[in-house]
Structure formats: C-alpha cells, structure tokens
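Working notes for the structure below.
All chains are named by letter (A, B, ...) in the order of the sequence lines, taking the proteins before the strands, and each is independently numbered beginning at 1. Only a predicted model underlies this, so the values are computations on that prediction, with no experimental measurement involved.
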2 protein chains.
Amino acid sequence: MTAVQPASDDPAVAPSMNDVARRAGVSLGTVSHVLNKPEIVSAKTIARVAAAIDELGFVRNDAARSLAAGRSNTVGLILTDVGNSLFVDIARGAEGAASSAGRSLLLANSDVTFQKQESYLDIFDEARVAGIILAPLDAGLDGVDRVRRHGRNIVLVNYAGDRTDCCSVVVDEEHGGYLAATHLMDIGRSRLLFAGGPEDLHAVNARREGARRAVRERGNGVSLEVIPSRNLKSASGRSIARQLLDDGALPDGILAPADQLAAGLIHELTDAGVSVPGDVAVIGYDNNQFASEAAIPMSTVSQPGHEMGEEALRLLLDEIDNPRSHEHRRITLDPSLIVRRSTVSR
Amino acid sequence: MTAVQPASDDPAVAPSMNDVARRAGVSLGTVSHVLNKPEIVSAKTIARVAAAIDELGFVRNDAARSLAAGRSNTVGLILTDVGNSLFVDIARGAEGAASSAGRSLLLANSDVTFQKQESYLDIFDEARVAGIILAPLDAGLDGVDRVRRHGRNIVLVNYAGDRTDCCSVVVDEEHGGYLAATHLMDIGRSRLLFAGGPEDLHAVNARREGARRAVRERGNGVSLEVIPSRNLKSASGRSIARQLLDDGALPDGILAPADQLAAGLIHELTDAGVSVPGDVAVIGYDNNQFASEAAIPMSTVSQPGHEMGEEALRLLLDEIDNPRSHEHRRITLDPSLIVRRSTVSR
DNA sequence: CTGAAAGCGCTTACAG
DNA sequence: CTGAAAGCGCTTACAG
C-alpha cells in the first residue's frame, strides 16, 4: 500500500485525470462529471472512478480547473493585522462559512501596510479567485475599483468608507463609543478622558463622537477631555498616562479606542500607585484575546468578529452564485459592552 | 482616465495577453517574454508592451500561467493557530522573505485541527503551489507524504518529529525548559513546579525534560514537581492554581509551558492574595504579545518566530530553485530567556 | 530579438 | 448515462 518514495532524480508527478480515466476504463469527461456533477453519473461508474482516484492518489489540478471553468473555487480574505484578534475572529467566521459552502479560504495579511494590501489584491486577482473579502485600511480603496473592473467580486469588512457599490459588513463604531461612555457614567464617573488614537482614523473618530453624544445626552456635570496619540499601541497608552501623572490632574474614567492602548494606560497608572478601577476606571475597545487574561481583566467594547466574517462570506457567495439577482447591501452589526474589573471591582 | 463602471448585465472581463499583444502590435509570445524574461527583449518592445498593459489594465491569469509553466509562483503557509502570536511572527518572517524573493505567500489556519491541516495541504496541493511550509500538529505527518508524492516541496516549521526526508526549522525546546528552570534557581527558588500541559505534546515533554536536567545538574535541595493539565489555555492555569491553594503547599517557582497558562496561574494566585513574584515566581513560554502587556509583565521563554519563518522560506526556495543540488537539512534555533516582573520585582 | 505553434490538464456544450 | 472534441490563457522550445 505504501507508495515508494521516488528517487530524487525521478521527480514525482501528480497523476492526471487522464490517468484516472484510463485506469477506470472510462473517458476523461466522465471522470470530470464524477467530480463535478456526480448526480448525472451512474453509481457503478462513480465507484469505479472513485477507486481509480484512490489508487492513484489523484488530486485535481486546480490551475487547469480554474482556467477551463473560468473561475476558481477559492475565496481570498485580506486582513489588516493578524496580530489583532478581532481579525483572527473574522477569519474564523469566514472560514467556517466557507467550508460549509464547500469553498476554500486563503488568507493574506496586509500588516497595516497599504502597499501590501494592494499587492495582495493583485495576487488574488491574478489567481482569479471567486471573490475577495477585504478588511481595508483607511488609506484608500483604489484597489477595489481595479479588481472589480476585472469582474472580481469583492466584499468589504470592518470598514467601507461611503461605498455603496459593493457589499460590506461593518460595526456601528459610533454606538461603541456611546456604550463605553455610558458605562463609565453609569458607574458614577464624571471626569472622562477619551485617550489616544490618531485623529485621522475613521473608527477612532466615530468612537469619540459616540462618547461625545453620550455625554451630551446625559448632560449635567460630566466632562469629556480628548488626548490624541500617534497610534493605538501600548506605548502610546503609557505615554498618555505619564502625561496625566505629571499634570497631576487625573480623570476618573478613561475610554481608550483600543485594548492595547488601554493596557499601556492601566499598566503605567497602577505602577504609579493609582488604583484601577478605584481611582480611575479604564475601558478598552476590541475585546482582544489578552483583555480577559490581564491581571486586571479589562472592560471593553466587543466587536462581533466571528459574525462579521460569516456575514461577509455569505454576502460574497450570494454575489458569486446569483450575479443577476444580487443586490449590494451593507450590514451593520452592533458592538457590545463587556464589563470586567478595570471598571467595576468585585 | 477613469474606466467606466460596466453595467451589471455586461460583466467585466479581464483583458488577456492576446489583447495586449494586439494592442502593442507584437505577438503573444513576445508579451510573455516581456513579463518573464525582459532581458531578452528590446527596450523599445518592452516600452510598447508595458504601455499596452497599462492602458488595458491587464493582469496575468495565474491559473493559465501555472498550468502552462507546470508550477505556480506562490508559496503556501499552514499555521497551527493564528491566535498565537508565535505563528503570526512566523508568518511575518516568511512573508518578508517571500516578497523579497518575488513570491507571494498565502496563509491558511489549521486552527489546531488535524482535519483542517490535511484539508489545507490538499488545497495547496491542488493549487500546485511552488511549495508549502507547514507548522504541523503533533497528530501526524501523513499529509506530508501525500503531497510530497505529488512532487510538492514542503518544509516543516516549529515541529518536525523525527523526519529527515524534508527540511525543517525547529527550536530547541529542551533548552527552553532548561533556561526557564535555571532562571528560577538563579533567583533563589528551590521548590519548583512544572505546571500544566498535556503529557502527549512533544514540545511540553521536551520543555519538562529540559527543566529536569537543569535541576539535576544544579542538584542540591531543589525539587521539581509536575502537574499536567488538559490543555495549554488560561483556564487550565487557573484550575492548577486553585488546586495548589486548596492544598496549601505552594511552590516558590512555577514554570508554565505556555504564556496563556501562566497568565491563568498568575491571575488566580494574585486574586487569592499570593504575591507574584514575592511568594511565587512564574515564568511562561512563547513570549506572546500579551505577555509584555499584562499588569504583571511576564517572564517567558521567547521563540524566534520571525527567524523561523524566514529560514523556512529560505530552505523552501532553495529546494524549489535547485532541485538537483538541494539537500534536506534541519535548522535548530535557540530560544531565549526574557526576564520581566513575574519573576523579578524591581 | 521576434513569431508561429504545440501543449499544460481540466470543463462543458454537444452528440449519441 | 457516456464519449469525443473544442477551448480556457498562458509558457516555451523551436525557427527564423
């Protein structure tokens, strides 16, 4: 049963459908039918072909298949940052939906780099994938037009700008900021700080405006200060904390637009002897994996990553399978508040 | 300049190399040469073809290219768990090396599921990728034989069992355990516990044996207890900690074979009023992203993920580009100790 | 340096 | 239900 390891100067070659046909004593087309439309083939023939496939260890050449069929069976997903567990959740959701639909899902990591995002769009375009799900950077959606012009189906996830000419799945970022601020006010905090985040990032802006609206609606006596930062990393959180400590005027509630940032803040504050949440309650954003593992588990706003990936794949498949009846739409999901000990001690 | 958005009932179609050839007034073969061997084409022709490509927005059909050339330009990387930042580092390393070699890298996440690992091996095999880098599960390497039999090049990373018939990049796990135990003894701990990990996991076993060797070599008066656990997750760490607290006999140094596990331990211990590292020093493994972000930053053993990915891709390219002279080899990299505050207070 | 032509391994109407 | 044949869009010797 065990195949002989081929000698190194006799490179192994995968058997072709022709080999299978010969072995099963049927024609090439029949083998193809067994693979693609078994319902039109007799049970006996299927069995013979299946046996031949098994014996030969045949795997279909997907390049030839895609070329002949004019489309591939795989779907590409381009993520902004695989280091952020939100995107990992999106990938998992999309993966599940893809495999139950009999499609393969290939990932690419743009690593928060616009040029890589564009390059992976081209790679998937060249590969003639059936469709692409893109978690785009704010930087621009030029590549989207480019690949769509080639007839490639594409769905945006997590951010979609104001595009309505393709499907998208986004989260109500404004509402997330609103939830976070409301929570801090609910637990009696009144001197709020929205800490960090580049001002040119759409998501950060929306979250900040949500927080502003919450304070406005709630009104009486609650203040909301804003301190921007270069990025959303932990070091930015630390430097904002040091700035606050130097100034000596601490807020009693901090909203950070990213868990990383919140972690840096909490870290630096507790190091300086400030009690979290006693003196300052801190809430993050994203519900990253480490948010629950931290020594002070972090309150945060959770995005439904799994559902985002699932929905995005579903929209994409509809576009692929029903090109005529498909209508582009935007699905907006709600974030949810997760309360842990960085805002409410036990 | 802006292309007209095609009407929805006139689906866009990517232009072919034939279209480019016609537009540039050259033959199909010449266009191909411009793309693949520009050094044998005159500058004037290159310019004409390049202009035509630009005007038409041509992208090469990679399915046709792979089919005609008999090989693809992309490399596949199958990761065990994109939720573990070690694998993200590996992916980044491989990505960098791939793109400087002009290759594209596609990712797949086996999600610690053997069946998914096998399925992605087949998908990459069907896609006739130039090669595969696999971070395999302990569960088995059957799939490796299967795809190699088809002539697919494959490199193992992070774990390779005892295979010598393909290239691999691994880390000296035993040495990692040795480093961790030595560190705990260096800071004066003598009642050590190796906490958690399924006993059938190769990496866990090796790390434990490394710790044993360190204790043995160091000798006098140091004890090393072992408590296994079902998995490497944070919940397992918590339950081990509760068990220790119930028994009332705490060790003064704990080695956990994963940061997640260590985080659960630290969490539960400090909740119970145990001082880390005062009463118990805890060291993790992997240097995951959150290890440095925790409120008590975690000492850990770091694996050189970036370098692992880079080396793996380098080995793979050598095998692809020099099939005759290539010799399989195993590269073993060293882990390194990272000391933070979960073992040494400031 | 350029062109004409065979062929890569499949899918898919079309006959039968 | 099965088979013969055209064709998908490229690459690559081979002539010139």
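- Distance from the side chain of A:Ala68 is smallest to D:dG7 among D:dG7, D:dC10, C:dT2.
- Residue B:Ile46 is the one, among A:Lys37 and B:Ile46, whose nearest nucleotide of DNA chain C lies closer to the 5' end (criterion: closest heavy atom).
- Taking atom CG of residue B:Leu35 and atom P of nucleotide D:dT11, one finds them 7 Å apart after rounding to whole Å.
- Candidate nucleotides D:dC10, C:dC10, C:dT12 were compared by shortest atom distance to the side chain of A:Leu28, and C:dC10 ranks first.
- Heavy atoms from other residues, nucleotides or ligands lying under 6.0 Å from CD of A:Glu39 number more than 12.
- Of the N and O atoms on the side chains of B:Thr113 and B:Ser110, not one donor lies less than 3.5 Å from an acceptor on the other residue.
- With hydrogens and angles left out, the side-chain atoms of A:Asp89 and A:His306 include no donor and acceptor closer than 3.5 Å.
- Closest contact between the side chain of B:His33 and the listed nucleotides D:dA13, C:dT11, C:dC8 involves D:dA13.
- In this structure, of D:dC10, C:dT11, D:dG3, it is C:dT11 that holds the atom nearest to the side chain of A:Arg65.
- A side-chain donor-acceptor contact under 3.5 Å links B:Arg60 and B:Asn36.
- A donor atom on one side chain and an acceptor atom on the other are not found under 3.5 Å apart for B:Asp138 and B:His202.
- In terms of phosphate contacts, B:Thr45 brings no side-chain nitrogen or oxygen within less than 4.0 Å of OP1 or OP2 of C:dC1.
- Under the side-chain contact (heavy atoms from CB on, under 4.5 Å) criterion, B:Ser119 pairs with B:Ile123, not counting sequence neighbours.
- Within the 4.0 angstrom heavy-atom criterion, no nucleotide atom of any strand lies near B:Asp62.
- Following rounding to the nearest Å, A:Arg22 (CZ) and D:dG3 (P) show an atom-to-atom distance of 14 Å.
- Here D:dT12 presents its C1' atom at 10 Å from CZ of B:Arg71, a figure rounded to the nearest Å.
- Of all nucleotides present, none satisfies the Watson-Crick or G-U wobble test against C:dA13 with each distance under 3.5 Å.
- Nucleotide C:dT11 holds its C1' atom 13 Å from the CG atom of A:Asn73, rounded to whole Å.
- Heavy atoms of A:Gly29 sit under 4.0 angstrom from at least one base atom.
- For the pair B:Asp125 CG and C:dC10 C1', the interatomic distance rounds to 16 Å; values are reported in whole Å.
- Closest to the A:Phe58 side chain, of the nucleotides D:dC10, C:dT2, C:dC10, is C:dC10.
- Comparing atom distances between the B:Leu67 side chain and each of D:dT12, D:dG9, C:dC10 picks out D:dG9 as nearest.
- Spacing between atom CG of A:Asn36 and atom P of C:dT12 amounts to 6 Å, rounded to whole angstrom units.
- The nearest heavy atom of DNA chain C to B:Thr30 and to A:Met17 marks one nucleotide each, and the one closer to the 5' end goes with B:Thr30.
- Between B:Asn61 atom CG and C:dG9 atom P the separation is 16 Å, expressed in whole Å.
- Taking 4.0 angstrom as the limit, A:Asn18 places none of its side-chain polar atoms (N or O) nearer than this to OP1 or OP2 of C:dG9.
- Nucleic acid contact for B:Ser66: none, since no nucleic acid atom lies under 4.0 Å from a heavy atom of the residue.
- Contacts of B:Ser32 with the nucleic acid, taken as non-hydrogen atoms under 4.0 Å apart, include base atoms.
- Pairing for C:dA4 is absent, with no Watson-Crick or G-U wobble pair whose two atom distances lie under 3.5 Å.
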